[in-house]
Amino acid sequence: MAKKQKEFRPKARVPRGFRDRLGEELIAEKAMLERITDVYASYGFDPLETPAFEYTDALGKFLPDVDRPNQGVFSLQDDDEQWMSLRYDLTAPLARFVAENFDGLAKPFRRYAVGRVWRNEKPGPGRFREFTQCDADSVGAPAPHADTEIAMMFADAVEAAGVPRGDYVIRISDRKLMNGLLDVAGLSGEEQAEQRLVTLRAMDKLDRLGEEGVRQLLGEGRKDESGDFTDGAKLSGDQADIVMAFMAATKGSNEETVSALKDIIGASEAGQAGIADMASMAETLSALGYDEKRVLLDMSIVRGLEYYTGPVFEADLTFEVADEKGRPVRFGSVGGGGRYDDLVKRFKGQEVPAVGCSVGVSRLLSALQAREGAMPKATGPVIVTVFDKARMADYQLMAAELRSAGIRAEVYLGGSNFGKQMKYADKRDAPVAIIQGEDERANGEIQLKDLVLGAKLSKEIEDNKAWREDQPAQFSVPREKLVEAVREVLARH
RNA sequence: GCCGGCUUAGCUCAGUUGGUUAGAGCGCUUGAUUGUGGAUCAAGAGGUCCCUGGUUCGAACCCAGGAGCUGGUACCA
């Protein structure tokens, strides 16, 4: 490299599907997480934290193969050649933890967890490759009572997160009901595995595609708006009728839904078991005051296909919001959960029943934000302006006094003149600026500028000169009254 | 993954039927105001016109490939 090369400048950019977050959003999310985990804790769940990485085989089905080691998950090979992956949810790590520490844990083991998870897939609106989940799970408790508790707590958590009652609904179905349906529809044979999958996926799309779209997917297939064709399940007309009737068993009342289900899939053994669990859950929930407005049996809920073995839940927002271009946005699911009796078995060989729920915090937060418009700006710190750098200690002392009184405060440490310092305070959303120049110091005083009031008054500003001379939002107080005066101004707004 | 649209200043976008110095609004910087943010006025900075290759005397514009964004769809533990 004798020749001088053009200096390499990396492009400053965030990776696809990831994002930077700051200020108000983080503060709001932290508060939301705290409210949710308070609910979990109040039900007797304890916190657990597990690492971001797990050995890939512990995580489950995504064993990296030579061709696509990162399909769905982010994976890398440790220096001992073992594959590790970033966790894609908090449930698989829980199963690993329980299996690893099984003998020492009180069963049922009840834990909640907050953590980031990563998925290596196409990002979309409101879908990122890194996001935060907030889960609670009971391990070692069989259906249906633990499931009922989770459903109830799930509703409480969504409400605590800030969704008013009536603006969400927890929809519940049961994997056993679906097995019953597949029995009755004659789809339980070995060779029909593929058809079963396609059928369940089609059912999951009822809310989005409507009856007509789902019927197409149950039959030959469906062409979407972009002209892309999706292969269908190729069911016969009779089979499709049964599936549609199953979903139509979803009534406004859980009791009616249960009774309608008996007619459709009561003939199947698996179906009966599912119906019994649903009936028990619905009855208990209703006795506890969780009626259909909060918890609704809904036969179109499918959720992930891999590990659920019993009841499955989904939390849906029922209000509509518009995006910044005025188009309606469907937020849909902001969390889910269900029963997974076989997850720990993968490690232990021994069946360990488990059930849990998960709130997608970032999604929920952006939904609430979209509805309520921009979040109220967080108030910035009090800014102590600097006139004379030689007297920095005086300014720092003022800030220190404010801090020990519990008020956020910072001394301006940039290099700019006084006008710029005011601009800085403005941009930081500071409520108050503290000013002490030569004159104030000589009198043992400081000036307080009420920036919030000033902003309000400035709406009527016409003559900048008069404005500057009057300084209506500014007043002097004795130096020793600093904290008291700031408190007073803060209390105004 | 598949199908479409888009990519020009920090942001929102105009423009060029292929021709010399590529524009606006907002924002930013500086000044009018050596000690006062938000109004007003003035000046200024800021662009590999997404990347690579091709066609052409000449490409930001046309063509091909790629990337990113976006909408739909598929998958989603």
Side-chain angles (χ1 to χ4, degrees), chain A residues 6 9 11-17 54 59-62 68 71-73 85 87-95 117-125 127 129 133 197-198 201-202 204-205 208-209 213 217 221-231 302-308 323-325 327 329 333 336-338 340 343 358 380 383 385-388 412 416-430 432-441 447-474:
Chain A
K6 193 175 169 186
R9 287 188 194 278
K11 194 167 180 186
R13 56 191 186 145
V14 72
R16 199 163 79 92
E54 294 281 347
L59 229 35
K61 67 177 190 177
F62 285 101
R68 322 176 75 175
Q71 174 69 351
V73 297
S85 298
R87 63 187 178 201
Y88 52 76
D89 69 10
L90 299 175
T91 309
L94 169 67
V117 302
W118 294 267
R119 295 185 185 184
N120 190 4
E121 56 191 32
K122 179 189 162 185
R127 298 190 60 164
R129 297 206 287 175
Q133 286 193 332
L197 269 180
V198 177
R201 283 175 193 153
D204 201 27
K205 291 170 185 135
R208 203 150 43 84
L209 302 182
L217 285 173
R222 173 178 178 272
K223 189 184 266 195
D224 69 50
E225 294 152 45
S226 68
D228 198 24
F229 187 77
T230 309
D231 242 357
V302 178
R303 302 290 302 168
L305 302 169
E306 287 305 319
Y307 64 51
Y308 290 121
D323 67 8
E324 59 273 14
K325 286 174 184 157
R327 292 173 303 203
V329 182
S333 166
Y340 48 96
L343 250 175
S358 173
I383 303 290
T385 58
V386 172
F387 263 98
D388 181 357
Y412 179 82
S416 302
N417 64 29
F418 188 61
K420 298 287 155 55
Q421 299 191 30
M422 291 308 301
K423 274 195 177 194
Y424 173 80
D426 194 36
K427 199 158 219 170
R428 289 293 310 274
D429 298 307
V432 177
I434 308 295
I435 303 161
Q436 190 189 47
E438 287 314 306
D439 302 347
E440 290 86 359
R441 181 172 155 78
Q447 299 255 4
L448 254 72
K449 195 177 180 83
D450 180 341
L451 294 169
V452 180
L453 177 63
K456 226 176 276 168
L457 294 174
S458 74
K459 298 244 161 64
E460 287 114 54
I461 185 171
E462 266 164 42
D463 178 15
N464 185 254
K465 196 157 199 175
W467 168 257
R468 287 189 170 210
E469 279 162 11
D470 289 355
Q471 284 305 338
Q474 188 170 323

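Order of the sequence lines sets the chain letters (A, B, ...), proteins ahead of strands, with each chain counted from 1. Note: hydrogens, waters and symmetry copies are ignored here, and every other heavy atom, side chains too, is used.
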I'd like the [atom1] distance from [M] over to [N], given in whole Å.
| N | M | atom1 | result |
| --- | --- | --- | --- |
| B:U29 | B:A45 | P | 15 Å |
| B:C3 | B:C75 | C1' | 16 Å |
| B:G44 | B:U8 | P | 26 Å |
| B:C51 | B:A67 | C1' | 7 Å |
| B:G1 | B:G66 | P | 11 Å |
| B:U7 | B:C13 | C1' | 12 Å |
| B:G19 | B:C61 | C1' | 11 Å |
| B:A22 | B:G37 | P | 37 Å |

Hey, does the side chain of [X] come within less than 4.0 Å of [N]'s phosphate (OP1/OP2), counting only N and O?
| X | N | result |
| --- | --- | --- |
| A:K427 | B:C28 | yes |
| A:K122 | B:U73 | no |
| A:R16 | B:C69 | yes |
| A:R208 | B:G72 | no |
| A:K205 | B:C75 | yes |
| A:R119 | B:C76 | no |

Complementary nucleotide of [N], counting Watson-Crick and G-U pairs under 3.5 Å:
| N | value |
| --- | --- |
| B:U20 | none |
| B:G47 | none |
| B:G4 | B:U70 |
| B:A77 | none |
| B:U30 | B:A42 |
| B:A59 | none |
| B:A64 | B:U52 |

Check this for me: does the side-chain of A:Q474 come within 3.5 Å of the base of B:U36 through a donor and an acceptor? yes
Checking all strands, does A:E440 fall into the base, sugar-phosphate, or nothing category for heavy-atom contacts under 4.0 angstrom? base
Describe the nucleic acid contact of A:E438 in one word from base, sugar-phosphate, nothing, applying a heavy-atom distance below 4.0 Å. base
Any idea which of [options] is nearest the [X] side chain?
| X | options | result |
| --- | --- | --- |
| A:R201 | B:C75, B:A74, B:G35 | B:C75 |
| A:L217 | B:G35, B:A74, B:A77 | B:A74 |
| A:I435 | B:G35, B:U73, B:A77 | B:G35 |
| A:Y308 | B:U29, B:U36, B:A77 | B:A77 |
| A:L209 | B:G35, B:A77, B:A74 | B:A74 |
| A:K449 | B:A77, B:G31, B:G37 | B:G37 |
| A:T230 | B:G35, B:U73, B:G68 | B:U73 |

Roughly how many Å is it from [atom1] in [X] to [atom2] in [N], rounded to a whole number?
| X | N | atom1 | atom2 | value |
| --- | --- | --- | --- | --- |
| A:N417 | B:U30 | CG | P | 8 Å |
| A:R303 | B:A77 | CZ | P | 7 Å |
| A:M422 | B:A39 | CE | P | 14 Å |
| A:R222 | B:G72 | CZ | P | 12 Å |
| A:L457 | B:U36 | CG | C1' | 15 Å |
| A:F229 | B:G4 | CZ | C1' | 19 Å |
| A:K223 | B:C2 | NZ | P | 18 Å |
| A:D388 | B:U36 | CG | C1' | 17 Å |

Is any side-chain heavy atom of [X] closer than 4.5 Å to a side-chain heavy atom of [Y]?
| X | Y | answer |
| --- | --- | --- |
| A:Y424 | A:T385 | no |
| A:M422 | A:I383 | no |
| A:V117 | A:L90 | yes |
| A:R87 | A:W118 | yes |
| A:V432 | A:L448 | yes |
| A:D388 | A:E438 | yes |

5'-most contact on RNA chain B: A:G437 or A:K420, nearest heavy atom basis? A:K420
Residue mapping more 5' on RNA chain B - nearest nucleotide basis, A:D89 or A:V452: A:V452
Output yes when a side-chain donor or acceptor of A:Q421 lies under 3.5 Å from a complementary backbone atom of A:S416, and no otherwise. yes
Just by modelled atom types, is the A:Y88 backbone N or O under 3.5 Å from a matching donor or acceptor in the A:R119 side chain? yes
Is the aromatic ring of A:F387 within stacking range of B:G35, meaning centres under 5.5 angstrom and planes under 30 degrees? no
Find the distance between CG (A:L59) and CG (A:D89) and round it off to the nearest 0.5 Å. 7.0 Å
